[in-house]
Structures are given as C-alpha cells and as structure tokens.
Amino acid sequence: MTMKTKLYHHLQSTTTKNPQWNTLLREAANKSLFTKALSLYLHMLRSGAFPNAFTFPFAIKSCAALSLPITGKQLHCHVVKSGCLLEPFVQTSLISMYGKCSLIDNARQVFDENPQSRKLTVCYNSLLSGYALKSRVKDVVVLFCEMRGLGVEINGVTMLGLVQPCGIPGNLGLGMCVHGFCVKFGLDMDSSVGNCLLTMYVKSGEIDCGRKLFNEMPRKGLITWNAMINGYAQNGLANNVLELYKEMESKGVCPDPLTLVGVLSSCAHLGALSVGKEVERKMEGCGFSSNPFLNNALINMYARCGNLEKARDIFDGMPVKSVVSWTAIIGGYGMHGQGEVAVQLFDEMIRGGIRPDGTAFVSVLSACSHAGLTNKGVDYFGVMERKYGLRPSAEHYSCMVDLLGRAGRLNEARELIESMQARADGALWGALLGACKIHRNVDLIAGTRQVEVLGIAAKKKSAWPSTDEM
DNA sequence: CTAGGGTTAG
C-alpha cells in the first residue's frame, strides 16, 4: 500500500468522527471566535481525527482573521498532506488567507498551482481581494481582464476587488469606469457593491458624488449610512455628519459602534459637547462602552471640548490602550498647554512597550511646541527616524518649524526646511511665516530656496498660494 | 471570495 492510499484509508476511517469537530469549528469561526476555532483544530488533531475539506476552510479563515501567517503555512502543509488542495473551498480559503497575511505571492502560487482556479469565480475573487488589499491596481485589472477573456462569470464580489483600490488618490477614473460597469451588468447597488462604491467616492474626496450615489440607493442599510456618515467625518464636514445622524435616527435605523465613532469625532471637531454626551449615553445604552475605537474617540472629544479630566478618566479606564489611545490623550494635554504631562505620557507609552507611529510623534511634537519644550522636541524629532525608522513627513516638519520658530530659532527652522526631502505644504509655510511675523524677520523667508520652487509651482499649478495672497 | 471605524499640527 502506498503512503497516499494509507492516508486515504485512515481518512475514511476517521471521517465518522469528523462531523462533530467540523460543526464545532464552523460554529466558532462563524461567530468570529477565531482563537477558539484554532484551538478546536488542535484538539481535533490530538484526538486522532483527521481534518478534511470541511475542516480546513474554517481553520484557515481563522488564521486569516487573526493574521497568523505561520500557522496559515502549517495549515497549508496539512492541506497538501490530506490531499484536499483541489477542493475549491479549501483553495479559496488558502488564497484569501495568504492575501490577508500580506503573502500575496503565496496566494498567487496556490492559484497558479491548480489549473482549475482559472475556471472558478471564487478563486479569482479571493486573489483579487488580496491584490486589492495591497492596492495593486495593475494586477487587479489584469486579473479582471483575464477573467473576462476566459469567460469566467463576474459577480458582485469580483467588482468589490476592483472598486476597493480605487479609493486611493489617482484611481478615481478607474473607479468611475468600474461604477459604469456595475450599472451595465445590472449589479445590485443596494448591496456591498453600492456601499463599496460609496466608500470609494468619499475616500477620494468626491463627497458630492458619494452623496448622489447615497441618495440613489433606495434600501440603505446600516453600512450605507455609516459609509456616508464617516465619509463626511473624514472630509471634515462635521455639520453634515450630525445632520445625517439625526436623519438616520429619525428613520429608525439603529446605530452601531462605527456610526458613533464618526459622530463623536465630528463632535470633537465642532466642540459640540452636548451632542457628544448624548452619544456617550447612547453608547452605554447599547452596550458599546468597552469598544476601544469609541473610547479613543471619546478621549479626543472630551479633550477638545475642554474636559481634560474626563478624557483622562476614560483613558485610565481602558484595559488595553493602543497607540491611538495614547496619541489622543497626549494630544489632549498638548492642546491645553500641559506639555510636561504630554511628554511624560509619551515616555511612559514607550516604556510600556508601545511603538509610537508618525501620528504619535506629531502630537508630542506639537505638545512640545505649545509648552516651549524646544530641546525636548528637537530630541524627539531626531529619535523618530534614528530609533523608529519613521521618515518625517510634511506634518512633522510643520511642527518642527513651529517649535523652532516660536523659540526664535529661525535660522535652524530655515535650515531644516532646506534639508527636507518631503514636499513643503501650506501648513509648513504658515508655520514659518507665523514665526517670522512674531520675530519680525521677513527677509529670512524670501531667502529660502523653496520660495523659488514655490514661485515655479504657482505658475504651473494654482494649488499653491500666489505671491499676492501671501 | 464579500462593503463601513478611532489618534495628528497651522
């Protein structure tokens, strides 16, 4: 008897045990209890039962959800050994898992290994979503064209893969084209396709196009409302957020945490404390009080509305604090001129093993700037790239120019601008100009190399302010 | 195979 047939007989003899395991595993995965699903898988192996084509998809899906590429690879090996690789459900779950774990080349390999893939919509869709996640527009389009060329059926999920990467700048043209395609194919705009297109428009800043599509959708689901509300929120249209939220409530649509996140963030920007408190009560009433996204938004809301103590209470009460939670509270102390506390918190965060990101540095740099902690800010700026490998962006340069400028260290500010790789933006010039104004030194700005660049840019494209406006 | 989220200066 060959190895393969031995294995086959073994599988046959154990399949009677499998249904129970498979049911448990499926239930856990469908309830998003992924850790439980994986431990069930391990128990199953230990008990001597062999996983089969009804086991793997749920175990693999759990790896994808938890982003566990190593476990995923091990499962891939188990799949190969069990001879289930050719099962479409197993194969698609593997492709999807690799895509979600940022191992897109492995996903491609699984796809290519089996000629059957090129006949199945689901296989194409899972690979497409992997490329979409990485915003690999070219690969997405090539794959889509290949599907059409081979006559593989195209469905709504296929279109999701095409629409998703169109939300990033420069891809709106393609997105609109895909929109037309969806209409031509008669795809249901009230479903995920419509929601995805809506998100694409608002992410591209085409908020009016988004609103038009929103209005045209007769059966708006919760996700539709959320996409539009958060679209307004992300584009800084806080008043529209509150208006739409009211409308949503009046229509009897019940909000979920994602809705309230957008509303709270808009309250923060408007300084609308009373609405913010209303949302907080809603949160409690709906049982969302421990949602970390909402608590981060609450910290920000209270801090911006002037109630720093309350912001701090919420922060202290969070059992797990992410870099976003820290950034929110640091920013809160920073904007209230308590730079010392902000700096202490920043250091405490690092001691606690949380790695700061670019945004965290913006908030601590600005805190230093407000509190006059110039040298401390200069230190952080250096540490940022040296220790954390974070390239300073235009925002960081703006903070630094502001920091140095306020301290009257104008020449250092100018030198910094001249040395920078990132493109100067309005905020940066505003910061330098502000500093020059305070210190009555207008000649300095006229002497910088970038002013020439600015002059040329102004002629080419009117995105820059003209010299008259300055 | 599958749509929506929090933090950042001037």
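Because only heavy atoms are used, hydrogens play no part in the values below, and waters and symmetry mates are left out as well, while side chains stay in. Chain A is the first sequence line, chain B the second, and so forth, proteins listed ahead of strands; every chain is numbered from 1.
Look at A:Ser265 and you'll find a side-chain N or O under 4.0 angstrom from OP1 or OP2 of B:dT7. OP1 and OP2 of B:dC1 both lie 4.0 Å or more from every side-chain N or O belonging to A:Gln91. Of the side-chain N and O atoms in A:Arg406, one or more sit less than 4.0 angstrom from OP1 or OP2 of B:dG10. Between A:His370 and B:dG10 there is a side-chain polar atom (N or O) within less than 4.0 angstrom of OP1 or OP2. The phosphate of B:dT7 has OP1 or OP2 within less than 4.0 Å of a side-chain N or O from A:Asn300. For B:dA3, neither phosphate oxygen OP1 nor OP2 lies less than 4.0 angstrom from any side-chain nitrogen or oxygen of A:Lys203.
Closest to the side chain of A:Val157, from the set B:dA9, B:dC1, B:dG6, is B:dC1. Listed candidates were B:dT7, B:dG6, B:dC1. Nearest to the side chain of A:Ser129 is B:dC1. Taking the side chain of A:Val324 as heavy atoms from C-beta on, and the options B:dT2, B:dA3, B:dG6, the nearest nucleotide is B:dG6. Out of B:dG10, B:dT8, B:dG5, the shortest distance to the side chain of A:Leu258 is found at B:dG5. When each of B:dA9, B:dC1, B:dA3 is scored by its nearest atom to the side-chain atoms of A:Asn155, the top-ranked nucleotide is B:dC1.
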Scan the side chains in residues 349-360 of chain A for donor-acceptor partners under 3.5 Å anywhere in the protein, sequence neighbours excluded, and list what turns up.
residue, atom, partner, partner atom, Å
A:Arg355, NH2, A:Tyr388, O, 3.3
A:Asp357, OD1, A:Thr359, N, 3.3
A:Asp357, OD1, A:Ala360, N, 2.9

Sequence neighbours left out, cut at 3.5 Å: what donor-acceptor pairs do the side chains of residues 139-155 of chain A make with other protein atoms?
residue, atom, partner, partner atom, Å
A:Asp139, OD2, A:Arg136, NE, 2.7
A:Asp139, OD2, A:Arg136, NH2, 3.3
A:Glu146, OE2, A:Arg118, NE, 2.8
A:Glu146, OE2, A:Arg118, NH2, 3.4
A:Glu146, OE2, A:Tyr124, OH, 2.6
A:Asn155, OD1, A:Asn125, ND2, 3.1
A:Asn155, OD1, A:Val157, N, 3.1
A:Asn155, OD1, A:Thr158, N, 3.1
A:Asn155, OD1, A:Thr158, OG1, 2.9

For residues 231-238 of chain A, run the donor-acceptor check on the side chains, cut-off 3.5 Å, and write out each pair with its distance to 0.1 Å, sequence neighbours left out.
residue, atom, partner, partner atom, Å
A:Tyr232, OH, A:Arg211, NH1, 3.3
A:Asn235, ND2, A:Val202, O, 3.1
A:Asn235, ND2, A:Gly231, O, 2.8

Return all side-chain donor-acceptor pairs below 3.5 angstrom for residues 277-289 of chain A, not counting sequence neighbours, or 'none' if the list is empty.
residue, atom, partner, partner atom, Å
A:Glu280, OE1, A:Tyr302, OH, 2.4
A:Lys282, NZ, A:Glu249, OE2, 3.2

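At a threshold of 4.0 angstrom between heavy atoms, the contacts of A:Thr121 with the nucleic acid are absent. Backbone-only contact: A:Lys100 has heavy atoms under 4.0 Å from sugar-phosphate atoms and none from a base. Within 4.0 Å of A:Ser192, counting heavy atoms only, lies at least one base atom of the nucleic acid. When heavy atoms are screened at a 4.0 angstrom cut-off, A:Asn295 is found touching no nucleic acid atom at all.
The base of B:dG6 lies close enough to the side chain of A:Ser322 for a donor and an acceptor atom to sit less than 3.5 Å apart.
For A:Asn114 and B:dC1, the CG to C1' distance is 16 Å, given to the nearest whole Å. As a whole-Å value, the separation of A:Asn125 CG from B:dA3 P is 12 Å. Spacing between atom CG of A:Asp357 and atom P of B:dT7 amounts to 13 Å, rounded to whole angstrom units. For the pair A:Leu162 CG and B:dA3 P, the interatomic distance rounds to 14 Å; values are reported in whole Å. The distance from atom CD1 of A:Ile354 to atom C1' of B:dT7 is 13 Å, rounded to the nearest whole Å. A:Glu395 places its CD atom 12 Å from the C1' atom of B:dT7, with the value rounded to the nearest Å. Straight-line distance from the CD1 atom of A:Ile154 to the P atom of B:dT2: 18 Å, rounded to whole Å. Atom CG in A:Leu373 sits about 16 Å away from atom C1' in B:dA9, given to the nearest Å.
Taking the ring axis of A:Phe58 as reference, the NZ or CZ atom of A:Lys61 does not stay both within 45° of it and closer than 6.0 Å to the ring centre.
A donor-acceptor pair shorter than 3.5 Å cannot be found between the side chains of A:Ser192 and A:Asn195.
Checked options A:Lys212, A:Arg219, A:Lys220; the residue passing with A:Glu216 is A:Lys212 (criterion: salt bridge (Lys or Arg N to Asp or Glu O under 4.0 Å)).
Within residues 325-345 of chain A, the residues approaching DNA chain B are A:Thr327, by heavy-atom distance under 4.0 Å.
When the side chain to side chain donor-acceptor pair (under 3.5 Å) test is applied to A:His370, no partner is found at least two apart in sequence or on another chain.
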Take A:Glu247 and A:Lys251, measure what salt bridge (Lys or Arg N to Asp or Glu O under 4.0 Å) needs, and give me the verdict at the end. CA-CA 6 Å; A:Glu247 194 182 325; A:Lys251 292 235 160 84; 3.4 Å; yes

